[in-house]
Amino acid sequence: MNSPDDILASLLTLLEKELQKFTIDLWFSDAKAVALRQDCFIIRTSPYKKEVILARFRDVCRKVLFQIFSTEMDLVVLTDGDELPEPAPAVSAPEAMEYTFENFIVGNSNKFAHAAAYAVAMNPANSYNPLFIYGGSGLGKTHLMKAISETIRSSHPDYHILYMTSEDFTNELIEALKYKSTEEFRSKYRAVDVLLVDDIQFLAGKVQTQEEFFHTFNTLYAAHKQIVLTSDRPPKEIYTLQTRLQTRFEMGLLADIQPPDFETRVAILQKKCERFRLTLPDHLVSYIANNATANIRQLEGIVNHIHADLDLTGGEVDMNMVERAIRDLQMGSGKKPASELIIEEVCKYYNISPDRLCSKNQSQDVVLPRQVASYIMQQLTDLSLQSIGKELGGQHHTTIINSTKKIKNEMRTNPALASAVKDLMTNLSEQEDGQSF
Ligand code: ADP
Ligand code: MG
């Protein structure tokens, strides 16, 4: 699927940014693609060209391969008589090892999403495409996604699998636009067999990124490549998502994950305790399962906390220790987003620089985003009007009051603005939530 020929073609296209066209033609025109390995790309050419390529172009090829695969890849050049090198044994990061189907506890709340993910892992591009998994924070979306990716990686070592968050996608695109290298950006995705994009809700409101993602999606979909997406809400609730993207996302299978029920919470606690060889008496397990109901990340946090507490203090697990763990973790949640984050997100949304947003510039394309930022800061932070004014480049506090009023009023009559503000606020709260555990 991800044929070596395609990769060689992408490599040569991308090299055009780095080398003169005639140089590439001279040294690479009769190179043949041989194979793609976990850690290298192998080509074959004449003995003389091999020497020159390795001496002069190996580094630049590695750089370009990195752009294609987002991971260190070497260029191996063979010539007549050279043997194909043995594949390197696959090594996976320890973290990736943990996010397996085996470690995923199935209960009523997640069995549908689990079954869908498993089907896709067993039969990529031939079961559900795209697979769209949605549900609240800490319920196992990323876990399932990585389990899919690891399973396919071991059954199809030749596949090029790309896991990323939608923020990674956005940031890469911004970089590409800055350096005018959108063609490179696109080539990278053309070589992918399985694309997994986590937390797609952060595409909300990012017009240009959605545009590019639409293009990527269509290219891969048409080429019969597997796409897996996750989000904290179903596509139709990502308010500022282009309708055509929403339609694409709903084309395959939508699978939701609900918060775990009591039995699942108990099972998860037992499994996590097992990992630490931690024995918790049943009544304490039930106590935790009754008091930490929000999500699985929270349950995990509580077990980690107890484990660390035991390490420090020794002794037995008792009710005090359990209560402390629950309390500490619940206090940690509900943190407020920092004003810089709000400014950053608003700027990304409206495609202006923070410097302009926080200036005295009064043109309409800056004033509206500034008003939106001051409205959101009022809603989501504890900052005083004066501090908000300061954060926004020294606005008077009466200006902040007026801005907020104006946005409030306008949202009533302008659904596009209301959606934008809603998405921005949901994304901001979600980002903070993700970091607090
Ligand atoms: P999300 O991406 O939905 O926010 P994650 O996949 O990051 O959630 O899950 C949060 C934590 O909970 C991870 O450490 C994950 O391994 C664990 N987890 C989630 N669901 C399960 C499950 N069903 N069984 C075991 N562990 C789970
Ligand atoms: Mg996640």
Side-chain angles (χ1 to χ4, degrees), residues 92-118 120-121 131-151 162-170 195-204 228-234 237-238 254-276 278 285 288-289 292-308 325 329 332-335 426-437:
S92 342
E95 181 231 30
M97 291 292 294
E98 299 214 328
Y99 285 140
T100 56
F101 283 114
E102 207 172 45
N103 287 343
F104 191 85
I105 296 190
V106 183
N108 278 327
S109 59
N110 59 22
K111 69 174 180 223
F112 183 65
H114 171 265
Y118 193 73
V120 163
L131 171 61
F132 191 102
I133 304 174
Y134 69 92
S137 172
L139 296 180
K141 302 182 296 294
T142 299
H143 188 133
L144 282 178
M145 210 178 218
K146 293 199 166 163
I148 294 174
S149 137
E150 283 309 303
T151 307
L162 191 59
Y163 166 88
M164 65 193 328
T165 65
S166 67
E167 298 271 70
D168 296 335
F169 187 88
T170 307
L195 178 68
L196 308 112
V197 186
D198 212 352
D199 291 322
I200 201 87
Q201 74 269 13
F202 292 123
L203 286 193
V228 183
L229 307 168
T230 72
S231 163
D232 65 346
R233 43 210 135 120
E237 284 176 25
I238 309 175
L254 294 184
D256 71 324
I257 304 190
Q258 296 293 326
D261 54 22
F262 180 79
E263 288 74 19
T264 315
R265 295 200 296 274
V266 168
I268 284 167
L269 282 169
Q270 282 164 343
K271 175 106 184 181
K272 305 285 169 191
C273 286
E274 216 174 87
R275 221 182 71 206
F276 287 134
L278 188 73
V285 171
I288 299 173
T293 53
N295 63 50
I296 294 168
R297 187 176 293 127
Q298 194 180 28
L299 293 173
E300 226 172 44
I302 291 170
V303 176
N304 288 342
H305 195 290
I306 294 172
H307 179 69
L329 282 173
S333 64
K335 252 199 291 175
T426 319
N427 284 349
L428 281 160
S429 323
E430 182 66 20
Q431 278 191 33
E432 214 37 47
D433 194 34
Q435 284 157 9
S436 60
F437 274 107

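The analysis underlying the following values was restricted to heavy atoms, covering all of them including side chains, and did not include hydrogens, waters or symmetry mates. As the structure lists them, so they are numbered: ligands from 1, and atoms in each ligand from 1.
Exactly one residue among L196, V197, T170 makes a side-chain contact (heavy atoms from CB on, under 4.5 Å) with M164. That residue is V197. When L254, L203, D198, I200 are each tested for a side-chain contact (heavy atoms from CB on, under 4.5 Å) with S231, only one passes: I200.
In terms of protein heavy atoms, atom 7 (O) of ligand 1 is closest to R297 NH2, 3.1 Å. Ranking the protein heavy atoms by distance from atom 23 (N) of ligand 1 puts I105 O, 2.8 Å first. For atom 6 (O) of ligand 1, the closest non-hydrogen atom on the protein side is H143 N, 2.8 Å. Scanning the protein heavy atoms around atom 8 (O) of ligand 1, the nearest turns out to be G140 N, 3.1 Å. In terms of protein heavy-atom proximity, atom 26 (N) of ligand 1 is nearest to K272 NZ, 3.2 Å. Among all protein heavy atoms, the one lying closest to atom 18 (N) of ligand 1 is I296 CG2, 3.2 Å. Ranking protein heavy atoms by distance to atom 17 (C) of ligand 1, first place goes to E300 OE2, 3.4 Å.
The distance criterion of under 3.5 Å between nitrogen or oxygen atoms is met by L139 with respect to ligand 1. Considering backbone and side-chain N/O atoms, F104 never comes within less than 3.5 Å of an N/O atom of ligand 1.
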message: Apply side-chain contact (heavy atoms from CB on, under 4.5 Å) to residues I288 and I306 and explain how you reach the verdict.
response: CA-CA 11 Å; I288 299 173; I306 294 172; 4.0 Å; yes
Residue pair T100, E150: steps toward the side-chain contact (heavy atoms from CB on, under 4.5 Å) verdict: CA-CA 7 Å; T100 56; E150 283 309 303; 5.7 Å; no
- prompt: Would L229 and Y134 count as a side-chain contact (heavy atoms from CB on, under 4.5 Å) if you check the C-alpha gap in whole Å, the side-chain angles of each, and the deciding distance to 0.1 Å?
  reply: CA-CA 8 Å; L229 307 168; Y134 69 92; over 6 Å; no
task: Carefully, step by step, assess L269 and V303 under the rule side-chain contact (heavy atoms from CB on, under 4.5 Å).
output: CA-CA 7 Å; L269 282 169; V303 176; 3.6 Å; yes
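Residue contacts with ligand 1 for N110 involve side-chain atoms from C-beta outward but no N, CA, C or O (heavy atoms, distance under 4.0 Å). No part of K271 comes within 4.0 Å of ligand 1, judged by heavy-atom distances. Using a 4.0 Å cut-off between heavy atoms, E98 makes no contact with ligand 1 at all.
If you check the side chains of S166 and D199, you find no donor sitting under 3.5 Å from an acceptor.
In this structure, R233 contributes its side chain and I238 its backbone to no donor-acceptor pair below 3.5 Å. No donor-acceptor pair under 3.5 Å is formed between the side chain of Q298 and the backbone N or O of A292. Looking only at distances, a side-chain donor or acceptor of N103 sits under 3.5 Å from a matching main-chain atom of E98. Without hydrogens or angle criteria, K141 side chain to I133 main chain gives no donor-acceptor distance under 3.5 Å. A donor-acceptor pair is defined here as one N or O able to donate and one able to accept, closer than 3.5 Å; no such pair exists between the side chain of N110 and the backbone of A113.
The residue among G138, G136, G301, A113 with a heavy atom at the shortest distance from atom 1 (P) of ligand 1 is G138.
Heavy-atom contacts of Y99 reach the following atoms of ligand 1: 13 (C), 14 (O), 15 (C), 16 (O) (cutoff under 4.0 Å). For ligand 1, the atoms sitting less than 4.0 Å from at least one non-hydrogen atom of S137 are 4 (O), numbered in the order shown with element in parentheses. Atoms of ligand 1 lying under 4.0 Å from any heavy atom of N103, numbered from 1 in the order shown and given with element: 24 (N), 25 (C).
Contact of the T142 side chain with the Y163 side chain is registered, since non-hydrogen atoms from C-beta on lie closer than 4.5 Å.
Using cut-offs of 30° and 60° on the angle between ring planes, the pair F104 and H143 is perpendicular.
Ligand 1 is never approached by K146 to a heavy-atom distance shorter than 4.0 Å.
Within a radius of less than 2.8 Å around the Mg ion (ligand 2), the protein N, O or S atoms are T142 OG1.
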